[in-house]
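What follows is a single structure, written as structure tokens, with notes after it.
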Amino acid sequence: MNTITSDTLISPAGDHDKTQPTAIIVSAYYRVHPDDRQTFIDAVTPEMQAAQQLPGCVFYAFSQDLVNTDAFHLSEGWADSDAYERHERSDSFLKALAIVVKNVRILHREGIRYDVAKQHIDDPRGKVAS
């Protein structure tokens with residue numbers, strides 16, 4: 001499988017190219033106590049920005065749910081397991097994790113790591129008649 005070089009980084013605007021070869025995908029969901037929402041946002045925002053600049057990061061997005069403002073969705077893509085492990089050991093990740101564990105009441109959390117065997121580009125727009 002091809003890997004992403006350190007030259008391939010997400011833009012400061014957060015744009016990313018999900019068509020890049022991706023070996024590891026993480027999908028997670030968090031529902032936090034309403035009183036801890038801003039603490040959670042303040043902890044994960046700098047981590048998200050730092051992760052996006054790591055070599056091998058294909059995409060990394062932490063987003064607040066549009067319907068439930070206490071819910072957050074994380075989507076990460078990594079070029080290979082080495083890139084993923086570097087992220088897990090990074091200072092920014094460990095700092096955010098410590099803040100969240102110590103200061104945020106997480107009411108529900110689900111997280112899944114996927115090892116990608118094959119990638120397909122998906123664009124359903126062609127299914128809509130003009």
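These values consider heavy atoms only, across backbone and side chains, with no hydrogens, waters or symmetry-generated copies.
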Approximate separation, where rounding is to 0.5 Å, of [X] [atom1] and [Y] [atom2]:
{"X": "D80", "Y": "E85", "atom1": "CG", "atom2": "CD", "value": "10.0 Å"}
{"X": "E76", "Y": "S27", "atom1": "CD", "atom2": "OG", "value": "9.5 Å"}
{"X": "N103", "Y": "R105", "atom1": "CG", "atom2": "CZ", "value": "10.5 Å"}
{"X": "D35", "Y": "D70", "atom1": "CG", "atom2": "CG", "value": "9.0 Å"}
{"X": "L94", "Y": "E88", "atom1": "CG", "atom2": "CD", "value": "8.5 Å"}
{"X": "S92", "Y": "Q52", "atom1": "OG", "atom2": "CD", "value": "11.0 Å"}

Distance-minimising heavy-atom pair for [X] and [Y]:
{"X": "S75", "Y": "F59", "value": "OG-CE1, 3.2 Å"}
{"X": "F40", "Y": "V100", "value": "CD1-CG2, 4.0 Å"}
{"X": "A43", "Y": "I99", "value": "CB-CG2, 3.7 Å"}
{"X": "P55", "Y": "A83", "value": "O-CB, 3.7 Å"}

Grouping I, L, V, M, F, W and Y whenever their side-chain heavy atoms are under 4.5 Å apart, do W78 and L97 come out in a common cluster?
no
V101-I106 co-clustered via ILVMFWY side chain contacts under 4.5 Å
no
N/O donor-acceptor pair under 3.5 Å between Q119 side chain and Q20 backbone
yes
Would you find a donor on one side and an acceptor on the other, under 3.5 Å apart, between the side chain of R86 and the backbone of L54?
no
Do other residues, nucleotides or ligands put more than 12 heavy atoms under 6.0 Å from the CG atom of N68?
yes
Not counting sequence neighbours, list each pair that qualifies as a ring pair (Phe, Tyr, Trp, His ring centres under 6.0 Å) and has a residue in residues 92-114.
Y29-H108, H87-F93
Q38 side chain near I41 side chain, heavy-atom distance below 4.5 Å
yes
Steps toward side-chain contact (heavy atoms from CB on, under 4.5 Å) verdict (I24, D115):
CA-CA 5 Å; I24 305 292; D115 296 317; 3.0 Å; yes
Ring-plane angle category for F72 and F62, please: parallel below 30°, perpendicular beyond 60°, tilted otherwise.
perpendicular
Pairing donors with acceptors under 3.5 angstrom, does anything connect the side chains of Y60 and E47?
yes
From CA spacing to verdict: side-chain contact (heavy atoms from CB on, under 4.5 Å), V44, Y30
CA-CA 12 Å; V44 301; Y30 302 83; over 6 Å; no
